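Below you'll find the structure, written out as structure tokens, and then a few comments.
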Amino acid sequence: MNRGQQEYYKRDYAQAKLEGKPFFPYAVYKDLLIATLAIAAVIGMSIWHRVEIGEPVNPASTDFVPRPEWYFFFLFELLKIFEGQNALMPVIMATFIVPNILMVLLIATPFIDRGPERRIEKRPFALFTGIAVIAFLGYMTHLGAGSHGGVGTDGLPLTGLDEKGQAGAELFVANQCTACHNVAGVGAPGPGPDLTNLGSQGQTPEHWAEFIKAPPGGVMPAFTTFTPQQYDEIGTFLAGLGTQYK
Ligand code: HEC
């Protein structure tokens, strides 16, 4: 701010102060009114618009795919942008590096933008940045709302998935079968065999359902807690790998 602008600002401020109203009681009254309305709205909603409590938590559930609240969808979506071979990378980037860069920029804003102008139309850069950030967050929230499952649930690069196959694929990822098996380039290289072309063995879904209930080798754990429908889904998925789903 140069001297002229400073003088102008001081005069402007003195003038505004002369015309203005004192903090007490005017501003206090306004705050009180809005606070009362806000609290009344919360009380009203808790009386007339109750939220259901829902099912008790089931710790044995294996197909639960955690989803964040809607206001975290943009972070959730950010995880996917950095998704790669390495499981830790998206977490570090999306929950630490990117948010911290943004926080530092926010804190540094008054030091970077030192222009005296306060009218928004005279601050095109600030206006553009503000709109861009809000638009980006809105877009990411929209994407996050539309995507199903957790990170990587739809990460198996398979085509031809029908409804059962998709459900099986989700069970496959949610139960961490990918910790030991590779399917179409996703998952660990071992100790379990690559399942990309499992379907070419020509086995039935029932065969694979029985297999995962009691794997013969002793390395793979037995998966005994699925429902009959889930055994059918994951069996169908396994039996179709490489033939129907590839
Ligand atoms: C701890 C590692 C591990 C996990 C987790 C695991 N497996 Fe396995 N899987 C193996 C190993 C090792 C074998 C080889 C046979 C054996 O040891 O029983 C195998 C074999 C298989 C086979 C037979 C492959 C063939 O070519 O005959 C299928 C199908 C299979 N696993 C499916 C699954 C599914 C589905 C899941 C998740 C619900 C899963 N596995 C989780 C280690 C694992």
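Index from 1, following the sequence. Everything numeric here is computed off the predicted structure, so don't read it as measured data. Atoms within each ligand, like the ligands themselves, are counted from 1 in listed order.
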Distance from [atom] to nearest protein heavy atom, with residue and atom:
atom                    : answer
atom 41 (C) of ligand 1 : Phe223 CE1, 3.6 Å
atom 22 (C) of ligand 1 : Phe211 CE2, 3.2 Å
atom 32 (C) of ligand 1 : Met220 CE, 3.7 Å
atom 11 (C) of ligand 1 : Gly192 CA, 3.5 Å

Numbering as shown, the atoms of ligand 1 that approach Trp208 to under 4.0 Å (heavy-atom distance) =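 Counting atoms of ligand 1 from 1, those under 4.0 Å from Trp208 are 23 (C), 27 (O), 29 (C).
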Numbered atoms and elements of ligand 1 in range of Leu198, under 4.0 angstrom, heavy atoms |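 What qualifies from ligand 1 is 24 (C), 25 (C), 26 (O), 29 (C).
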Geometric cation-pi criterion, Lys80 with Phe76: 6.0 Å, 45° |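 The answer is yes; both the distance and angle limits are met.
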Which is it for Leu171 and ligand 1 at heavy atoms under 4.0 Å: side chain, backbone, both or neither?
->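 Answer for Leu171: neither.
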Ligand 1 contacted by Pro221 (non-hydrogen, < 4.0 Å) =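 Under 4.0 Å: yes for Pro221.
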Within a radius of less than 6.0 Å around CD of Gln176, do more than 12 heavy atoms belonging to other residues, nucleotides or ligands occur?
->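 Not buried by this count: 12 neighbours or fewer within 6.0 Å.
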Does atom CD of Glu121 have more than 12 heavy-atom neighbours from other groups under 6.0 Å away?
->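 Count over threshold, so yes.
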So is Gln201 polar-close to ligand 1, meaning N/O to N/O under 3.5 Å?
->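 By distance alone, the answer is yes.
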Heteroatom distance test (His181, ligand 1): nitrogen or oxygen, under 3.5 angstrom |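 So ligand 1 has an N or O lying under 3.5 Å from an N or O of His181.
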For the residue pair Phe237 and Tyr245, does the interplanar ring angle fall in the parallel (under 30°), tilted (30 to 60°) or perpendicular (over 60°) class?
->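 Geometry flag for Tyr245 against Phe237: parallel rings.
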Charged N to carboxylate O below 4.0 Å: is that the case for Glu117 and Arg119?
->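 Yes, Glu117 and Arg119 are salt-bridged.
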Smallest separation among heavy atoms of Thr224 and Lys213, with atom names |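 Result for this residue pair: CG2-O, 3.7 Å.
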Considering Cys177, Pro193, Ser200, which one's heavy-atom position lies nearest to atom 13 (C) of ligand 1?
->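 Shortest heavy-atom distance from atom 13 (C) of ligand 1: Pro193.
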Could you name the option among Gly217, Cys180, Pro215 that has the heavy atom nearest to atom 5 (C) of ligand 1?
->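 Nearest heavy atom to atom 5 (C) of ligand 1 lies in Cys180.
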Do Trp208 and Leu198 have side chains that get closer than 4.5 Å, going by heavy atoms?
->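 In short, these two side chains touch, coming nearer than 4.5 Å.
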Separation of Leu37 CG from Leu32 CG (nearest 0.5 Å) |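 Reported value, rounded in 0.5 Å steps: 10.0 Å.
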